[in-house]
Amino acid sequence: MRIRGVKPFASAVGLLLGLLCAVEAAKGEICGFRIHGQNVPFEAVVLDKSTGEGVIRAKDKLDCELQKEHTFTIQAYDCGEGPDGSNMKKSHKATVHIQVNDVNEYSPVFKEKSYKATVIEGKKYDSILKVEAVDADCSFQFSQICSYEIVTPDVPFTIDKDGNIKNTEKLNYSKEHLYKLTLTAYDCGKNRASEDVLVKINIKPTCKPSWQGFNKRIEYEPGTGSLALFPSMHLETCEEPITSIQASIMLETNHIGKGCDRDTYSEKSLHKLCGASAGTVELLPAPGNSANWTVGLPTDNGHDSDQVFEFNGTQAIKVPEGVVSTTLKEPFTISVWMRHGPGGREKETILCNSDKTEMNRHHYSLYVHNCRLVLLLRQEPTESENYKPAEFHWKLDQVCDKEWHHYVLNIEFPAVTLFVDGATFEPFLVTEDYPLHASKIETQLTIGGCWQDLSGHANDTETLSEPLTGGSARMTQYFRGNLAGLMIRSGKLENKKVIDCLYTCKEGLDVQLPEEVASAVKVEFNPNQSSLSLEGDDIESFEKVMQHISYLNSRQFPTPGIRHLRVSTTVKCFNEETCISVPDSEGYVMVLQPEEPKISLSGIDHFARGAAEFESTEGVTLFPELRIVSTITREVEVEAETEAEGEDDPTVQETVVSEEIMHNLDTCEVTVVGDELNGDHESLEVDLAQIQQRALEMSSSNVGMVITGVNTMVNYEQVLHLIRYRNWHTEALFDRKFKLVCSELNGRYISNEFKVEVNVIHTANPMDHANNAMVQPQFINQVQHASMDLSGHNLANTHQASVVPSAATVVIVVCVSFLVFMIILGVFRIRAAHQHTMRDQENGKENEMDWDDSALTITVNPMETYEDQHSSEEEGDEEEEESEDGEEEDDITSAESDSSEDEGGEQEDQQGSTRQQQLEWDDSTY
């Protein structure tokens, strides 16, 4: 028996398949059917026992995809004999074949989630790539994919029924680099794919030899160490065989500071950090109270990088007397940073020491002439009048290339050694001259020009290139360019290690060679690591080295901005005629703005001390509890889980956090607010041994004290704790104010202004006022339980063992008592005026008011009389008088409270008596 069934749609068990079975009963009725087989998902049910009709139905849903056909045997049996059904008879077994018909319940599904392909521009392809979808239906009709379709409109591609994608026109890389296509599929039952698929087709330009995978913009975050510049870089040679490769990587930093990023501390501090000995004098310091001769010079006005000074050929400065000794001791060193372009035929003076009057002799000078650097050094008068070396000439390209260079001259007469950017140069010309004649004329040291006298005397050593006219000019041979860090160090030469340290950049290129390619590629750096060159013959090894080249900036707060980057490459091929040419690759490193630190100074800003402490040898400590803290504020992203149902993705929120950091300071300046210090009777002092122990320096004047040197905030804090103010004539002094400001990196980061006010407590003569404690004992009791704050002045003494003298206590008590009395008197007068005003207002209101008593219900004590009210007023007056007496004694608060209550009671009683005569009572509720 073969029966064809259909695939069920309902989920109910026992779905009827539509199969009827008829069995003839030999005798009696048919009681049932029995199906033979394992795991047969069908059952047979008798419909009519007399006729033997029945049905075969499914126990559960049938799935064509799991099993297309089912075969089993079935057998009928009668009801047997007797009530117990004995002698039951069975029919023969019949074989049943059931075939499950398919329905189109599944949609096509693509085998891949997405597809990618790359093609070269200018070509038409028969097939770029092939996509494929499948259908899970069991029948041939519904399981076959009949067609594919590109859903994305207006694209130059088509797809056939087998899933092959091809372009309909030649592709152009300049027009489109990447095409994104959305595809779908249909089975033969017209069911569309459950999900469309994305196809990405990259268009490659016609092969051109070049470096690939090179990002033009590379961002560098300060404090992150080395940053790989070319992590995914590779060389496209277009399958041309290469025999060798040479490449140079250039990092352009000439526009940053003095040629690259360096610490922007003062030149004197940098010399000390690099290990130079003491005795270095800075001739171009940052303008300030202690060094004011550079105030008029134009600067770069930038705090992010080094401070440089501009000389435009019309101005020069005089260095004050005493900054540099008149005659330099040999040996000595001159160092300077200079940027100078091509100049004219005139001399341009960097540094000049000449006669202040009359003779106009140049004792020593450093100048530029025709792209030459010249040092003039005239010997002082000696017994012998022989010729001696006087001018040393160096012809250098660096002098006129408009770039920053570091020049150091080590002078140990008659030998002079020049270092330019750490490299040694010997003079190409040395001229000789006689020593100077003996004279008592003082000299003038100038920068950017040479000092000339107007007396008309001729120069006994040289003729001026440009005569002075007009009678007002005192400078000549002006310099045109930029100078910075001009230093003179007397008595000792700079060693090569210090010179290299001064020139070394804090940023540059770096490379960590993998061991497997270290011997295959040759790597060389220039001195400041702004460029490196590579050479090798294996492309794979060469690419690995390129991928390990990095940028490094070791400054805690680097100078932000762009550093241009260039990669130049040269290749050699087996066939020189067809050898490829690799163009330069250019990009830039963007150094991001560092988080700016906020330097905060805090501590006791207002306190008082006895006059005796100011006059003592120790003086008064100005900053006993000073704290220096530096913080940075940054935005961080925090993931916050959303509470809405069905949203599992966390929400990213930005929050601002403050973080304390540690860094150095290079200057702290204490300035007097108000009148300058009078050196005859007051001074600021500090323990110089403690200053020197921390490698710091101190300078003081009548306007304050300056502590300089690169050191930690902790060391600066400890030194500032030691600053003391002394005044040994305090009779007319009542207070002194000071201001403290600290800075880092030569003023790039400046703290808040921390102001301190110190009050002087003058003590009375104990012989003249010995009985003050007996005259006013009540004030002494008040001071004992009062706080130690007097009008905002902290009277706490830093010396725990000392106390305020008794006479001073009496003066303080008298002042406090007088202040309390004045407050009480003022309160009383204000209250009296207020009472008078309130009474006038009440009288005016009572004459004008018309009472609306329609809604009033007032309950009155019938025993109350006008006499009782009058007696209450008299008692209130007596209490008020007693309260006022108490005010004059000591209890201010309670007196004011009582008097206010009495006053209020008196007014209420007066108003009550007046209203009692005017109101018309409503006694309807009694």
Side-chain angles (χ1 to χ4, degrees), residues 265-294 319-325 487-490 599 601 603 614 616-628 664-673 676-728 736-747 750-751 753-756 758:
Y265 296 117
S266 67
E267 200 69 21
K268 191 172 184 179
S269 296
L270 290 174
H271 275 70
K272 187 172 291 186
L273 287 174
C274 288
S277 302
T280 303
V281 179
E282 189 172 7
L283 299 183
L284 282 176
N289 294 329
S290 59
N292 56 6
W293 63 88
T294 59
V319 179
E321 295 182 7
V323 176
V324 180
S325 61
M487 308 284 292
I488 287 184
R489 182 183 177 194
S490 177
I599 306 173
L601 309 180
F614 289 90
S616 66
T617 56
E618 293 184 358
V620 173
T621 303
L622 291 182
F623 313 107
E625 298 183 15
L626 178 71
R627 284 220 55 205
I628 304 176
N664 291 332
L665 297 175
D666 59 0
T667 303
C668 279
E669 185 172 1
V670 182
T671 309
V672 180
V673 179
E676 296 181 353
L677 294 174
N678 189 334
D680 295 335
H681 62 265
E682 61 180 342
S683 65
L684 287 174
E685 299 179 358
V686 69
D687 189 347
L688 292 179
Q690 294 293 332
I691 294 281
Q692 296 171 357
Q693 182 179 345
R694 292 168 175 81
L696 298 174
E697 293 186 0
M698 184 274 295
S699 61
S700 60
S701 64
N702 57 350
V703 297
M705 175 184 293
V706 180
I707 299 175
T708 57
V710 180
N711 218 313
T712 63
M713 292 188 295
V714 174
N715 282 337
Y716 264 96
E717 198 175 89
Q718 293 172 353
V719 169
L720 292 172
H721 288 169
L722 303 176
I723 295 179
R724 307 181 305 275
Y725 170 66
R726 289 187 60 204
N727 192 314
W728 43 96
R736 256 304 193 182
K737 297 178 181 179
F738 300 90
K739 179 179 66 176
L740 172 64
V741 177
C742 294
S743 63
E744 162 70 335
L745 294 174
N746 208 16
I750 303 175
S751 72
E753 291 186 355
F754 180 65
K755 295 183 178 179
V756 173
V758 184

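Note that the coordinates shown come from a computational prediction; the quantities given were computed from them, not determined experimentally. Note that these values count all heavy atoms, side chains included, but never hydrogens, waters or copies made by symmetry.
Side-chain contact of Glu685 with Ser683: a donor-acceptor pair under 3.5 Å is present, judged by distance alone.
Although no hydrogens or angles enter the test, the distance criterion places no donor-acceptor pair under 3.5 Å between the side chain of Glu717 and the main chain of Met713. No donor-acceptor pair closer than 3.5 Å links the side chain of Arg724 to the backbone N or O of Thr621. In this structure a side-chain-to-backbone donor-acceptor pair under 3.5 Å is missing from Asn727 to Phe614. Between the side chain of Trp728 and the backbone N or O of Thr617, no donor-acceptor pair lies under 3.5 Å. Glu676 places no side-chain N or O within donor-acceptor distance of the main-chain N or O of Asn702, the cut-off being under 3.5 Å. Remark: the backbone N or O of Leu626 is paired with a side-chain donor or acceptor of His721 at under 3.5 angstrom. Remark: side-chain polar atoms of Thr294 are paired, donor with acceptor, to backbone N or O of Pro285 under 3.5 angstrom.
In summary, of the residues considered (Val686, Val741, Val703, Ile723), a side chain to side chain contact (heavy atoms under 4.5 Å, CB included) with Val670 occurs for Ile723 alone.
Between Glu669 and Lys739 no salt bridge is recorded (no basic side-chain N to carboxylate O distance below 4.0 Å). Taking the charged nitrogens against the carboxylate oxygens, Lys272 and Glu697 do have a contact shorter than 4.0 Å, which makes a salt bridge.
A tilted orientation is assigned to the rings of Phe623 and Phe754, their planes being inclined by 30° to 60°.
Expressed to the nearest 0.5 Å, how far NZ of Lys737 lies from CG of Leu622 amounts to 14.5 Å.
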